[in-house]
Engineer: 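First the structure, then my questions, so here it is.
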Amino acid sequence: MIVIYGCGQMGTHLALRLERQGHEVTVIDPDRLNLENLGQEFKGELIMGLGIDKDVLKKARITESEAFIAVSRDINTNIMCSLVAKRLFKVPRVIARIEDPQLVELFRKFQIETISPTTDAANRIEELILETIVAKEA
Amino acid sequence: MYILVVGGGKIGYHLVRTLLSEGHEVAVIERDVRVCEQIAERFDVMVQNGDGTNPALLAEAGCRRADVVVAVAGRDQDNLVVCQVAKDLFDVKRTIARINDPRNEELFRLQGVNALISVTSAVSNMIDQEITPQHVVHYLTMQHGHLMMVEVTLDEDSPVVGKTIADVSLPGETIIVTLARGRKAIIPAGSTVLLAGDEVVAVTNMGQQNEVKKLLIGEKTPAPR
């Protein structure tokens, strides 16, 4: 079982994909409209609430889940709910969307794995542009 | 001392004023540019506009040489990250955070935040103490609010009058510290017999004070002192 916090574009995409692969997925978001992004196709549980709230996480059966993934746009909320999942509920795998490389380093210490979509995308674009420039100069 | 305050709302504003009047060096980081301007106009402090969890901004504000970082922004998650970054990336020795939801206390402590200011708990404790019948006086709250001292005056109808202290089944982690009998203060033993008119001072865990009170003075509404 997998719990996802944040039902924006990334959360929605991830939830649908993981479910198609046969996982049981629960999605949490404070905004009902965001949860509606998932549409009829999604069969998992939807929970409206804040991910930093222990009671909301309990309702999402966090203690039974193998992974918790925090991918909202609110980085500090991602960090705090990941800490709650890891430190208080001992979820085996916790993955958070954190952009700042120093924060990525810092929270690795607490066994929180990270993804940095904006930073990674920016880096990739930079690489692509540099390739073009290098190619031109060559 | 050099104190870095993150969050310039009502609490931050008054904190800055108090700290400056005590002669401390203070810097403020605040998200809202208008709030920054107000603080900069009013006080002679360095004000940085931006996100207080951003390591680069904290570095610029001199976080490395800060003796204390106080996180008093409105959201608990922001205050937690500020303290964590200050502690782990800048080796700040003392971090203090405001928390709004008392349920978050456990995580903040686990993550090593040195002191917590729980606005919600403080206000509700104050109200609780105000509405408690007058002849039960909460002396003081100890150890960051975990223990409470409760004073109760026994009258003739008290269920414990005539009993020894050993016979009174107090809730766990409760101790009768002293008895004031007439003009004498007694350090009680298990064999001390409780009498009407005794002023009993007990220490108990926060949250058990009403149970202790009920046990000592009975169910009825106490008469005013």
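The structure displayed is predicted, hence computed values, not measured ones. Chain letters run A, B, ... following the sequence lines, proteins first and then strands; every chain starts at 1.
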Engineer: Could you report the tightest heavy-atom contact between Ile52(A) and Asn104(B), atom names first, then the distance?
Structural biologist: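 Smallest heavy-atom distance, with atoms named: O-OD1, 3.9 Å.
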Engineer: Check the surroundings of atom CZ in Arg73(A): do more than 12 heavy atoms from other residues, nucleotides or ligands lie under 6.0 Å from it?
Structural biologist: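 No.
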Engineer: Looking at Leu107(B), is its backbone amide N or carbonyl O close enough to the side chain of Arg87(A) to form a donor-acceptor pair, meaning the two atoms are under 3.5 Å apart?
Structural biologist: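 No; zero donor-acceptor contacts below 3.5 Å.
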Engineer: Working to the nearest 0.5 angstrom, can you tell me the gap between Asp101(B) CG and Leu50(A) CG?
Structural biologist: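 One gets 9.5 Å once the value is rounded to the nearest 0.5 Å.
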Engineer: Pairs under 3.5 angstrom only: tabulate donor-acceptor contacts from the side chains of residues 37-50 of chain B to other protein residues two or more places apart or in another chain.
Structural biologist:
{"from": "Arg42(B)", "atom 1": "NE", "to": "Tyr13(B)", "atom 2": "OH", "distance (Å)": "3.4"}
{"from": "Asn49(B)", "atom 1": "ND2", "to": "Glu30(B)", "atom 2": "O", "distance (Å)": "3.0"}
{"from": "Asn49(B)", "atom 1": "ND2", "to": "Arg31(B)", "atom 2": "O", "distance (Å)": "2.8"}

Engineer: Identify which part of Asp74(A) has an atom lying under 4.5 Å from any heavy atom of chain B, answering side chain, backbone, both or neither.
Structural biologist: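 The side chain, not the backbone.
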Engineer: Enumerate by number any residue of residues 72-98 of chain B whose heavy atoms lie under 4.5 Å from heavy atoms of chain A; in the absence of such residues, state 'none'.
Structural biologist: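 Arg75(B), Asp76(B), Gln77(B), Asp78(B), Leu80(B), Val81(B), Gln84(B), Val85(B), Asp88(B), Leu89(B) fall under the 4.5 Å cut-off.
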Engineer: With a sphere of 6.0 Å drawn around CZ of Arg103(B), does it hold more than 12 non-hydrogen atoms of other residues, nucleotides or ligands?
Structural biologist: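 Result for CZ/Arg103(B): enclosed.
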Engineer: Quick one: which residues of residues 96-111 of chain A reach chain B at under 4.5 angstrom, heavy atoms only?
Structural biologist: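 Expected list: Asp100(A), Gln102(A), Leu103(A), Leu106(A), Phe107(A), Lys109(A), Phe110(A).
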Engineer: Using non-hydrogen atoms only, which part of Ile79(A) is less than 4.5 Å away from chain B: side chain, backbone, both, or neither?
Structural biologist: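 When you check distances to chain B, only side chain atoms of Ile79(A) fall under 4.5 Å.
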Engineer: Kindly list each side-chain donor-acceptor pair under 3.5 angstrom involving residues 9-16 of chain A, sequence neighbours excluded, with atom names and distances?
Structural biologist:
{"from": "Thr12(A)", "atom 1": "OG1", "to": "Cys7(A)", "atom 2": "O", "distance (Å)": "3.3"}
{"from": "Thr12(A)", "atom 1": "OG1", "to": "Gly8(A)", "atom 2": "O", "distance (Å)": "2.6"}

